[in-house]
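Along the sequence shown, residues are numbered consecutively beginning with 1. Just follow the structure's listing: the first ligand is 1, and inside any ligand the first atom is 1.
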Amino acid sequence: MVTVKHKKFVSQFSMMGTLISLTLFEKNEKAVFDIYDYLQKMDDLFSANRPDSKLAEINRNAGIQPVKVSNECFSLISDAIRYSKKYSDSFNVLIGPLVKTWKIGFGGQNVPSQFEIIRDLKLVHPSRVVLDPVKQTVYLKDKGMQLDLGAIAKGYFADQIIKQLKEHDIDTGIINLGGNVQVLGNNPLSKDGYWGIGIRDSRFEDNQSAAIVHTKAKTFVTSGIKERYFKIGKKVYHHILSPQTGYPEKSDAIQVTIITDNSELAEVLSTVCFFRGTHRGKQLIDRLPNVEAIFINQKGQLITTKGLKSLGKGVYFYE
Ligand code: ADP
Ligand code: MG
């Protein structure tokens with residue numbers, strides 16, 4: 001007789017404009033409900049599209065006054081600003097005005113006029129944000145400035161959820177926040193404890209993997225341009241916008257997956273690497289400890305960093 005040692009418990013919620021799923025290997029309804037509540041609370045705070053979110057309040061008060069925020073709100077925004085200062089020519093959370101002007105993926109999308117682009121490019125400077133750690137306030141100094149945490153927030157949430165699972169004494173599981181995947185602990189369904197994580201080629205609708213990575217606990221974060229875009233004639237306009245030109249960034253990559261321990265960092269690096277392209281992106285990641293990347297370029301070729309050991313046929317091993 002076969003004894004099933006571990007069952008899978010999969011919970012799914014539709015939230016934050018995406019499908020969120022949590023896979024546990026033990027029944028723990030309390031943990032599932034707590035995480036659901038947590039994500040709901042985060043959506044209330046950080047939604048870029050809801051007028052009653054905390055983020056909307058900060059944006060509405062740009063050029064007017066500082067806004068007091070909670071601990072976790074301050075912590076995510078401080079991280080986002082710190083990374084935006086470090087990588088301001090690529091990853092930049094002050095991109096909000098351009099995101100709103102282009103409306104890519106939200107209907108009513110169009111190519112903005114040069115006037116609108118120039119106007120918005122004046123509002124993307126992270127140095128114009130004042131964070132007061134004592135009063136816990138956020139102030140955008142110029143009217144019209146807007147934070148957009150779309151490229152980082154899910155990473156922060158994933159890291160927090162890992163902490164929460166540990167607090168519930170859960171030592172293994174999978175979190176998938178619409179493509180931001182994080183595994184915790186060892187895989188109880190495999191003999192050696194490794195997980196096999198598939199990376200989709202976003203050019204195709206099917207779920208076939210372009211690469212599979214066998215690894216222990218890690219986060220996998222992908223930025224790509226094949227999911228949110230619009231076309232006019234043959235020209236494609238996608239949703240990763242350059243804070244330097246105001247237009248969708250041209251890159252030889254169509255998607256970048258970052259594999260590391262910290263999901264928030266992975267979110268930032270996936271966007272930064274998209275901007276750098278496959279060659280310079282690989283160079284950046286090869287210099288960083290404990291971070292790997294898989295790029296897919298315009299021709300559909302895989303480019304991988306040096307810590308990923310190829311086992312052939314798109315299968316990789318990462319200790
Ligand atoms: P993906 O949606 O594939 O994960 P990103 O992580 O790069 O891609 O996030 C893209 C989202 O981040 C956009 O929808 C927008 O809200 C915001 N964004 C667009 N351009 C930038 C940028 N240069 N820096 C930071 N955020 C951006
Ligand atoms: Mg991202």
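In this structure, Asp286 does not pair ionically with Lys306, as no charged nitrogen and carboxylate oxygen lie closer than 4.0 Å. Ion pairing between a basic and an acidic side chain is recognised when a charged N comes within 4.0 Å of a carboxylate O; Glu72 and Lys41 show such pairing. Comment: Lys226 does not engage Asp201 in a salt bridge, judged by the lack of any side-chain N to carboxylate O separation of less than 4.0 angstrom. With respect to the salt-bridge test (charged N to carboxylate O, under 4.0 angstrom), the residues Lys218 and Asp261 qualify.
Under a 4.0 Å heavy-atom criterion, Phe274 is not in contact with ligand 1. For Asn180, the heavy-atom gap to ligand 1 stays at 4.0 angstrom or more. For the ligand labelled ligand 1, residue Glu227 lies outside the 4.0 Å heavy-atom shell.
Remark: Lys54 fails to qualify as a cation-pi partner of Phe46 under the 6.0 Å distance and 45° angle criteria applied to the six-membered ring.
Ligand 1 places these atoms under 4.0 Å from at least one heavy atom of Phe275: 23 (N).
Ligand 1 has no N or O atom lying under 3.5 Å from any N or O atom of Ile95, backbone or side chain. Looking at ligand 1, you won't find any N or O of Ser270 less than 3.5 Å from one of its N or O atoms. The N/O atoms of Ser242, backbone and side chain alike, include none that comes under 3.5 Å of an N/O atom in ligand 1. For Gly224, a nitrogen or oxygen atom sits less than 3.5 Å from a nitrogen or oxygen atom of ligand 1, counting backbone and side chain alike.
Taking OG of Ser270 as the start and CD1 of Ile259 as the end, the distance is 12.0 Å to the nearest 0.5 Å.
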